[in-house]
2 protein chains.
Amino acid sequence: MKRENRQNDKAALAVEKLKNIGLRATPQRVAILAFLEGNTSHPSAEQIYEALKSEMPSLSLGTVYNTLDELVQRGELQELAISPTRKHVDPNPDPHYHFLCEGCGRIYDFPGTLHTEEIEEATKGFRVQKYAVYLYGICPACNQEDSDRSSSWCAS
Amino acid sequence: MKRENRQNDKAALAVEKLKNIGLRATPQRVAILAFLEGNTSHPSAEQIYEALKSEMPSLSLGTVYNTLDELVQRGELQELAISPTRKHVDPNPDPHYHFLCEGCGRIYDFPGTLHTEEIEEATKGFRVQKYAVYLYGICPACNQEDSDRSSSWCAS
DNA sequence: ATAATTGCAAAAGCTTTGCACGGAA
DNA sequence: TTCCGTGCAAAGCTTTTGCAATTAT
């Protein structure tokens, strides 16, 4: 019941958002936008498609790509080039940093703002319109696994 | 004459470098490394291939990819994911920022160091091993063109 | 000699595109 | 009713891979 309401809220929000930016509120777009609402997993198009096709079997991957493109162009979400092989999206369009764990592939949000004034003397004449900061390494969960593995390796 | 010597120097440097990192000094690798030496254009694999195939017609694109992979793995150069469609390489492996001009597609180097301590409280438990900072906007040359265009548009 | 490397071509991903049908406004 | 959006399938691009022939050491 609660879950249903949450879903309805997200769907309503999605419809609203789509109308605001001048896009038709099709079931596909609503489903995609509702899925992304408050989602911090930074999914790829494929992952969104996989997540939604059970509740909407007719959905096609092409539509996911098209919808994401529209939403990116209208500034509703940002595209991440943090993975070397796949694009991911972040429903939070505000600038912040991202961390890709090389162990599990998860992408994490980090607060952080780049002060382009710091490099202003170098950027003289350059108009910086946006930026991306990508961090790479090992997340706490995978770090833990590593120590587990080394402990057992030490103990054996 | 001078140009020839410079090329020989670069080739010699390339051979040296390859031996140091335990790779056979094949003509293909030497050509690629010599081409990249001191090159600040951040070429893609395709661009390297195009630039070299006149002087080495037998060179294949696959070899360029293989060589770049080896060099990246051994830390001799870094891969840039700044373009949404293509990977580029930078022969300078030291961390710094990059700027992609949306007007002309050129990639520029910028001095700059990310102080991960700034976000240390958020990164607690995260092991940051490397990072990338990508700036997007309009470079001075394209900016100039823009004002030229608007002036003539105003004047007409 | 021999193990690494090349070139070629095919394959693999991810993403985009074209087009006829269907549905939102 | 009109035009936008969808689904499907094909095509496009960049990158990777397999393998026989070649070559650096």
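Numbered from 1 within each chain, the chains take letters A, B, ... in sequence-line order. Just so it is clear, the values below take in all heavy atoms, side chains as well, and ignore hydrogens, waters and symmetry mates.
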Base, sugar-phosphate or nothing for Ala45(B)? Non-hydrogen atoms, less than 4.0 Å. nothing
Nearest-Å distance, CE (Met56(A)) to P (dC8(D))? 13 Å
Consider only side-chain heavy atoms of I, L, V, M, F, W and Y, link residues closer than 4.5 Å, and tell whether Leu52(A) and Val89(A) are in one cluster. yes
Taking any heavy-atom pair under 4.0 Å as a contact, classify Thr85(A): base, sugar-phosphate, or nothing. sugar-phosphate
In terms of relative ring orientation, are His98(B) and Tyr134(B) parallel, tilted or perpendicular, with 30° and 60° separating the classes? tilted
Output yes when at least one side-chain N/O atom of Thr63(B) is less than 4.0 Å from OP1 or OP2 of dG7(C), else no. yes
Between dA4(C) (P) and Lys19(B) (NZ): distance, integer Å: 18 Å
Measuring only between side-chain heavy atoms, which start at C-beta, is Gln47(A) closer than 4.5 Å to His42(A)? no
Short of 4.0 Å, heavy atom to strand atom, which residues of residues 28-37 of chain A count as contacting DNA chain D? Gln28(A), Arg29(A)
Distance in angstrom units between Asn20(A) CG and dA25(C) P, rounded: 13 Å
Which atoms of nucleotides 16-23 of chain C (N or O only) lie under 3.5 Å from a protein N or O atom, and what are those distances?
unit_1	atom_1	unit_2	atom_2	d
dG23(C)	N2	Arg24(A)	NH1	3.1

Does a side-chain N or O of Ser58(A) approach OP1 or OP2 of dG7(D) to a distance below 4.0 Å, or not? yes
Gln144(B) and Cys142(B): side chain to side chain contact (heavy atoms under 4.5 Å, CB included), yes or no, with the steps? CA-CA 5 Å; Gln144(B) 188 52 42; Cys142(B) 290; over 6 Å; no
How many angstroms lie between CG in Leu80(B) and CG in Leu100(B), if you round to the nearest 0.5 Å? 10.0 Å
Hey, is the side chain of Thr26(A) poking within less than 4.0 Å of OP1 or OP2 on dA24(C), counting only N and O atoms? no
Identify the two heavy atoms, one from Pro84(A) and one from Lys87(B), that lie closest to each other, and give their separation to 0.1 Å. O-CE, 3.6 Å
Hey, can you tell me if Phe110(B) and Phe126(A) have their rings parallel, tilted or perpendicular (30° and 60° cut-offs)? perpendicular
Gap between atoms CD and P, on Glu70(B) and dA4(C) respectively (whole Å): 11 Å
CG of Leu59(A) versus C1' of dG5(D): gap in Å, rounded? 12 Å
Select one nucleotide: of dG7(C), dT6(D), dA24(D), the one nearest the side-chain heavy atoms of Thr67(A). dT6(D)
Evaluate whether atom CD of Glu16(A) has more than 12 neighbouring non-hydrogen atoms of other residues, nucleotides or ligands under 6.0 angstrom away. no
Straight-line distance of Leu77(B) CG to Leu71(B) CG, nearest 0.5 Å: 5.0 Å
On DNA chain D, nearest-nucleotide positions of His88(B) versus Leu23(B): which is more 5'? His88(B)
Report the distance from atom OH of Tyr49(B) to atom C1' of dC13(D), rounded to the nearest whole Å. 15 Å
